[in-house]
Amino acid sequence: MPSYTAPTKDMDFILHNVLKVSEQDTPGYADLDRDFTSAILEEAGKLASEVLAPLNSVGDTEGCVLENGVVRTPTGFKDAFEQVKAGGWTGIDLPEEYGGQNMPYIMYTAVGETSSAANQAFTMYQGLTHGAASAILAHGSEEQKTTYLPKMTSCEWTGTMNLTEPHCGTDLGLMRTKAVPQDDGSYKISGQKIFISAGEHDMADNIIHLVLAKIPGGPEGIKGVSLFIVPKFMVNEDGSLGARNGASCGKIEEKMGIHGNSTCVMNYDEATGYLLGEEHKGMRAMFTMMNEARIGVGMQGLAQAEVAYQNALEYAKDRLQGRAVTGDENPDGPADPLIVHPDIRRNLLDQKSFVEGGRAFLLWGSQMIDQSHRGGDEAAEGLVSLLTPIIKGFLTDEGYDMTVQAQQVYGGHGYIEEWGMSQFTRDARIAMIYEGANGVQALDLVGRKLAQDGGKHVMAFFDMVKSFIKENEGNEALKADFLDPLKEASKHLQAAGMFFMQNGMKNPNAALAGSYDFMHLFGHVCLGLMWAQMGKAAMEAVESGEGDTAFYKTKIATGRYYMKRRLPATSMHLTRIESGADTVMELEAEAF
């Protein structure tokens with residue numbers, strides 16, 4: 001059975017050597033000294049490896065079962081959920097007034113990676129609750145916050161988000177679920193939602209559904225959508241639970257992966273709901289949840305790549321197969337371990353360099369969310385808005401590819417279920433689809449985010465890259481191995497943006513046909529920037545002679561690999577973008 005160990009040392013390096021969190025002026029960051037963050041991450045890692053990881057294959061094998069309207073979760077999930085709740089992990093960054101610990105979001109992200117890597121399906125129950133709580137926190141009335149947030153923070157009650165319907169996914173303006181106003185200020189919600197993760201289960205006393213619906217007589221399309229709080233059980237004035245609401249699970253979807261999470265068809269039969277936020281402004285409220293979820297899904301892609309890599313590395317060191325072409329590496333054995341072979345090393349370094357670069361990217365994005373939410377930094381808010389589709393799309397695309405690479409290290413055993421590698425691949429696959437399929441993320445990036453606020457956020461990113469390169473050009477080792485490749489990749493990104501500007505208005509397809517390549521080009525540049533910063537931090541640590549020198553030298557070598565072997569993909573993506581839309585759009589539909 002696969003195992004998992006939280007990469008706490010790498011997280012520590014990124015938080016303190018690269019991002020220097022305790023030195024920032026963001027409220028709450030002064031408390032994030034190395035001892036404090038290490039203690040949090042060590043405990044989170046212990047819970048992940050000892051409690052959650054052993055249940056990962058259980059959830060995959062057993063799945064969830066719907067019986068008489070109630071969903072039974074896999075063996076051990078309820079006990080594990082109680083341990084997670086008892087440790088206060090579900091509300092780590094939520095406000096203290098509602099029972100949370102009020103830590104910065106960056107700590108929620110780091111802890112979330114460990115639990116998601118250990119058991120993605122399980123972690124989704126509290127992850128969706130956190131997103132629903134965030135939406136209520138941002139848009140709810142004081143009464144709604146007081147009623148729901150304390151129990152949701154502790155996960156005594158869990159939460160969901162209900163968007164998709166059988167006939168509409170991304171195009172939410174087509175939805176048919178309706179909300180009829182009642183004399184007491186409530187609404188009667190009727191309709192069906194599909195693909196509702198954690199929509200029904202046996203691990204919480206109540207489930208608080210956030211449901212998008214249209215109020216009759218409202219504007220057409222997406223402008224007529226409102227958001228409603230629809231509890232599974234009605235909540236009495238004293239906080240106790242009342243009658244069952246008209247919300248029920250009609251079916252559990254049979255899925256490729258994340259079997260331990262109940263993905264439900266939810267039926268609303270004149271269920272009582274309460275408006276969250278303003279009428280016809282439901283998408284604004286839902287995007288509070290969706291944007292957080294997109295960061296979280298990017299984390300899922302990274303997390304599955306991490307746990308798959310850990311197991312592939314162990315296998316490559318233990319499995320004896322063939323001999324090194326340069327001479328026996330294991331002369332006393334019948335063969336050498338797989339890791340002596342250059343192609344296996346290429347495979348493993350693809351994984352390692354992505355995971356470590358992606359982790360830095362994810363934590364940097366979380367830091368910007370803290371700067372925005374806690375510090376009121378509008379520039380940080382704009383930049384993370386620009387980067388969110390890249391965090392979601394690039395990290396999940398690459399994360400899935402890395403789980404496949406990890407599977408490949410195992411050869412035939414990677415295709416056999418008992419070895420566990422296929423679960424990582426199957427679980428990672430959904431991350432490319434939900435919370436906005438990655439093609440939609442690419443369209444959002446090129447069609448909306450690049451031009452947002454006059455393009456000042458993408459220009460700020462370019463300035464950030466240029467400034468880092470200019471400030472460190474005197475470091476010859478950093479320049480040759482990190483800065484020069486980053487400069488070249490950044491030029492490719494700017495050239496792609498210029499192509500869109502010159503061609504997008506007269507031929508929008510020219511921009512949209514290149515959007516997916518642009519998302520990946522941008523993602524590689526982001527990881528290139530992260531590796532340049534990590535390379536600098538590791539070199540400084542080696543020069544100081546303090547800490548684990550071997551760790552820092554390994555970091556430098558891994559970064560050098562990314563810059564030389566992975567970052568040049570930006571040239572390929574630029575060539576594709578500049579080819580325009582003609583080859584993409586040439587065929588008539590009938591010719592396919």
Side-chain angles (χ1 to χ4, degrees), residues 55 58-82 84-85 90 119-133 135-136 148 151-152 154-166 177 188-213 227-235 241-274 276 286 289 293 427 430 434-435:
L55 295 175
V58 176
D60 187 53
T61 303
E62 292 187 10
C64 296
V65 179
L66 176 63
E67 294 179 339
N68 299 319
V70 176
V71 171
R72 187 178 73 247
T73 51
T75 302
F77 270 43
K78 288 179 70 173
D79 289 341
F81 203 54
E82 291 303 316
V84 170
K85 290 192 290 185
T90 58
N119 196 325
Q120 178 176 327
F122 174 91
T123 302
M124 289 171 65
Y125 290 97
Q126 63 258 36
L128 286 155
T129 305
H130 186 280
I136 294 173
Y148 299 107
K151 295 292 181 69
M152 295 177 74
S154 67
C155 271
E156 292 177 69
W157 299 351
T158 58
T160 70
M161 56 192 297
N162 287 238
L163 292 81
T164 307
E165 298 183 9
T177 301
K188 291 297 183 184
I189 313 296
S190 298
Q192 185 180 78
K193 299 289 185 176
I194 63 171
F195 306 155
I196 309 306
S197 301
E200 173 64 37
H201 59 86
D202 58 358
M203 298 196 299
D205 296 333
N206 202 4
I207 301 175
I208 310 304
H209 303 288
L210 298 192
V211 183
L212 285 178
L227 185 61
F228 299 89
I229 297 173
V230 185
K232 173 182 174 180
F233 289 100
M234 300 303 294
V235 181
L241 297 183
R244 177 73 186 255
N245 203 357
S248 62
C249 173
K251 176 187 175 184
I252 296 179
E253 301 287 3
E254 295 184 13
K255 310 184 297 292
M256 176 179 175
I258 56 169
H259 297 152
N261 193 270
S262 54
T263 304
C264 300
V265 174
M266 294 299 300
N267 297 317
Y268 294 93
D269 184 13
E270 294 196 339
T272 299
Y274 306 95
L276 178 60
M286 183 58 84
M289 189 172 184
D427 285 356
I430 185 58
Y434 60 15
E435 306 308 336

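Computed from a prediction, not measured in an experiment: that's the story for all the values here.
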Looking at [X] and [Y], would you say the former's side chain and the latter's main chain have a donor-acceptor pair under 3.5 Å?
X: Ser154; Y: Lys151; result: yes
X: Thr129; Y: Gly159; result: yes
X: Arg244; Y: Ala247; result: yes
X: Ser190; Y: Glu270; result: yes
X: Asp427; Y: Ile258; result: yes
X: His259; Y: Asp60; result: yes

Does either side chain, that of Asn245 or that of Tyr268, offer a donor lying less than 3.5 Å from an acceptor on the other one? no

Would you please say whether a donor-acceptor pair under 3.5 Å links the side chains of Thr158 and Gln126? no

Where [X] and [Y] come nearest, the two heavy atoms and their spacing:
X: Asn267; Y: Gly250; value: ND2-CA, 3.7 Å
X: Ser197; Y: Met124; value: OG-CE, 3.6 Å
X: Glu200; Y: Cys249; value: CB-CB, 3.7 Å
X: Cys64; Y: Asn261; value: SG-C, 3.9 Å
X: Gly199; Y: Thr160; value: CA-CG2, 3.9 Å

Using the rule given for side chain to side chain donor-acceptor pair (under 3.5 Å), can you reason through Asp202 versus Thr73, listing the C-alpha separation, both sets of side-chain angles and the distance that settles it, and then say yes or no? CA-CA 7 Å; Asp202 58 358; Thr73 51; 2.6 Å; yes

Does some side-chain heavy atom of [Y] sit less than 4.5 Å from a side-chain heavy atom of [X]?
X: Thr272; Y: Met234; result: yes
X: Asn206; Y: Val235; result: yes
X: Trp157; Y: Phe233; result: no
X: Ile430; Y: Lys255; result: no
X: Val65; Y: Val71; result: no
X: Val211; Y: Leu227; result: no
X: Lys193; Y: Leu163; result: no

Passes side chain to side chain contact (heavy atoms under 4.5 Å, CB included), Leu128 versus Met161? Steps please. CA-CA 7 Å; Leu128 286 155; Met161 56 192 297; 4.2 Å; yes

Can you measure from [atom1] ([X]) to [atom2] ([Y]) and round to the nearest 0.5 angstrom?
X: Asn162; Y: Leu210; atom1: CG; atom2: CG; answer: 8.0 Å
X: His130; Y: Thr123; atom1: NE2; atom2: OG1; answer: 13.0 Å
X: Thr75; Y: Lys78; atom1: OG1; atom2: NZ; answer: 11.0 Å
X: Tyr274; Y: Ile229; atom1: OH; atom2: CD1; answer: 9.5 Å
X: Tyr125; Y: Met203; atom1: OH; atom2: CE; answer: 5.0 Å
X: Ile252; Y: Ser262; atom1: CD1; atom2: OG; answer: 6.0 Å

Can you confirm whether more than 12 heavy atoms, excluding those of [X], are under 6.0 Å from its [atom1] atom?
X: Tyr434; atom1: OH; value: yes
X: Glu67; atom1: CD; value: yes
X: Glu253; atom1: CD; value: yes

From the options Ile208, Ile207, Leu241, select the one residue that forms a side chain to side chain contact (heavy atoms under 4.5 Å, CB included) with Lys232. Ile207

Let's go through Glu156 and Lys85 carefully: what are the C-alpha distance in whole Å and the side-chain angles of both, what is the deciding distance for salt bridge (Lys or Arg N to Asp or Glu O under 4.0 Å) to 0.1 Å, and is it a yes or a no? CA-CA 8 Å; Glu156 292 177 69; Lys85 290 192 290 185; over 6 Å; no

Hey, would you say the Phe122 and Phe77 ring centroids sit under 6.0 Å apart? yes

Evaluate the criterion side chain to side chain donor-acceptor pair (under 3.5 Å) for residue pair Thr177 and Gln192; output intermediate values, then yes/no. CA-CA 7 Å; Thr177 301; Gln192 185 180 78; over 6 Å; no

